[in-house]
Amino acid sequence: MIFNYKYQGLKQTRLGFGDALVKIGENNDKIIALCADLTESLCMTNFSKKFPKRFFQIGIAESNMIGIASGLSINGYIPYTGTFANFSTSRVYDQIRQSVSYSNKNVKICASHSGISLGEDGATHQSLEDIGLMKMLPGMTVINTCDYNQTYEATIAISKYNGPVYLRFGRPEVANFTKKNSFKIGKALLLKEGKDVTIISTGHLVWESIEAANFLLKEGIDCEVINIHTIKPLDEKFILKSVLKTRCLITAEEHNYIGGLGESIAGLLSKKLPTLQYFVAVNDMFGESGKPKELMKKYKITTKDIIKKVNKIFKKKINK
Amino acid sequence: MNNIFELKNLCTQVRRDILRMIYYANSGHPGGSLGCTEFFVALYKKIMNYTSNPFKIEGKNEDVFFLSNGHISPVYYSILSRSGFFNIKELYSFRKINSRLQGHPTNHEGLPGIRISSGSLGQGMSVSIGYAISKKLNNDPYLVYSLHGDGELNEGQIWEAILYAGAKKIDNYIATIDYNKKQIDGSTDDVLPMGNLKKKFESFDWEVLEEYEGNNIEKVINILLKAKKKTKKNKPVVIILHTKMGYGVDFMYDNHIWHGKPINKEQLYKSLEKLPETIGDF
């Protein structure tokens, strides 16, 4: 049995972004960073100090930031914009649509504080629809990373990919567990092999999925855990292969169930392999203030919720 | 093209192109296109240094122009084709299926001369600033130009950009405002009065030039030359260019209803009669 991960302590995903940004800045003088007055929150401070000529403080003007990034990219620069997920997407949707996506510009839209796990700031700052918004844009690559290592590797990988990218990560400290060189744009990551139920998850829910699978293994349910970090383009082959084996799946994500990873997979399966699927996701609601863990619990996106849904779907499968 | 007589003839030809394109498509925006004809002819024939063929989207070591008010695409397409970016015959395809000449300009279909999409208003100044910064990073001495509608200044993003360009001294950049005082719903003063535009730009730390005869080719060339001299002095430069919507066609002159209205056959011939000189219609 493959267990393709190793727990390495707690670390913020956004720190992986900040560290990698410095790394690619050292190796490629075309890398530019732009920020809308959230330099510290996005962990862009080190880049701004090390490469002051390639760091642009735009002020609280996200629309202008997207436009400036787009303009920079025309001349071969690789701009990384940084702000919270909400202000990176819904606030500037038309700017991204016209000046980045439709114009096919090599802009990397990097978003921290995604989902509800940013906590106390509440619903105005919590982004539960951004994956949906971004995946609907033709030509946009959508990546939601699950830990420090993956965010680090994704930040580097997108610099080598030519085209618009939405990179989504988070605020809190979470388990760091993916192995070195395990990230490839568009390639699913198999974390644990199993035969009974497939769990496919993205972002902060990946570690919860591993925990759920380990618990369930002791209960006699052998889950396959797959991390889909690249929601678009989706690694269809890998998903179909697993679902063909298990014939049921759970998707888990810190996002509205409408528009998220689960919906993308349901769309795929309805065409190619109709399969019973349960969603662990936010149930079409806005978030609220609270501690991250309290919020995850209230909005039913925890290890326990995954376990519950796996039990339910597995029962249904064997009683068929 | 040095001769003013030739440039005037080209303006007439561009206006003929605009009217014929909009007539054949039975759709498009004649008013602003006709009003900005002198600006485009001056910019592409007298002011900017650029290579049209082969067109290089990066625009290194050449002057670069961005159209922010993308709806006046007919005048843009006409001058691009008549400056060698693509064949004049392609003007026929304007707004038709499978065309590179989309209703609003885009690089999406690979039309030479166009580096970004515009149409949804208010985005072109931010793009121009980003591009101007890239030229500074490259130590590229050439300039960046952009055009914006006055109605477009209603958009909030424009003011983010105006603030940024002034504050960060984007001084290799000349923006022009097509100040025809008209927008779709009527006069700009009726829709949303913008007060003293010159003072507004000045208070945002821009170098402001104003030209009251924006449909006089010699005056337009002169103001652009003057603007060029004002660059690289720690301030972005803006030209408030007073133009007349629908200039050159009497029944469209200074009338906002021609913002985005096509013309019928009778109107086409009536208009073309007013604009007799041709260099060669498409």
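Here is how names work: the chains are called A, B, and so on, in the same order as the sequence lines, proteins then strands, and each is numbered from 1.
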Nearest heavy-atom neighbours spanning [X] and [Y]:
X: A:Lys105; Y: B:Asn107; value: NZ-ND2, 3.2 Å
X: B:Glu109; Y: A:Tyr102; value: OE2-OH, 4.2 Å
X: A:Ser103; Y: B:Ile116; value: OG-CG1, 3.3 Å
X: A:Ala61; Y: B:Glu160; value: CB-OE1, 3.3 Å
X: B:Val127; Y: A:Ser99; value: CG2-OG, 3.9 Å
X: B:Ser126; Y: A:Ser63; value: OG-O, 4.4 Å

Take atom [atom1] in [X]; do more than 12 heavy atoms of anything else shown fall under 6.0 Å from it?
X: A:Arg54; atom1: CZ; value: yes
X: A:Lys49; atom1: NZ; value: no
X: A:Lys23; atom1: NZ; value: no
X: A:Lys184; atom1: NZ; value: no
X: A:Arg91; atom1: CZ; value: no
X: B:Leu192; atom1: CG; value: yes

Can you tell me how far apart [atom1] ([X]) and [atom2] ([Y]) are? Round to the nearest 0.5 Å.
X: B:Ser120; Y: A:Asp94; atom1: OG; atom2: CG; answer: 3.5 Å
X: A:Ile68; Y: B:Ile133; atom1: CD1; atom2: CD1; answer: 5.0 Å
X: A:Asn64; Y: B:Ile162; atom1: CG; atom2: CD1; answer: 10.0 Å

Practice task
Please flag which part of A:Glu62 lies under 4.5 Å from any non-hydrogen atom of chain B: side chain, backbone, both or neither.
Solution key: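 For A:Glu62, the backbone is the part near chain B, not the side chain.
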[X] side chain near [Y] side chain, heavy-atom distance below 4.5 Å:
X: A:Ile58; Y: B:Tyr164; answer: yes
X: B:Leu137; Y: A:Ile32; answer: yes
X: B:Asn138; Y: A:Tyr77; answer: yes
X: B:His108; Y: A:Asn104; answer: no

Handout entry: Proximity breakdown for B:Lys168 and chain A, heavy-atom pairs closer than 4.5 Å
Key =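 When you check distances to chain A, only side chain atoms of B:Lys168 fall under 4.5 Å.
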Practice task
Heavy-atom pairs under 4.5 Å with chain A are the metric here; pick the option from B:Glu58, B:His104, B:Gln157, B:Gln123 that has the most.
Solution key: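 Answer, by heavy-atom pair count under 4.5 Å with chain A: B:Gln123.
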Exercise for the section: Without swapping roles, check the side chain of B:Lys60 against the backbone of A:Asn75 for a donor-acceptor pair under 3.5 Å. Expected result: yes
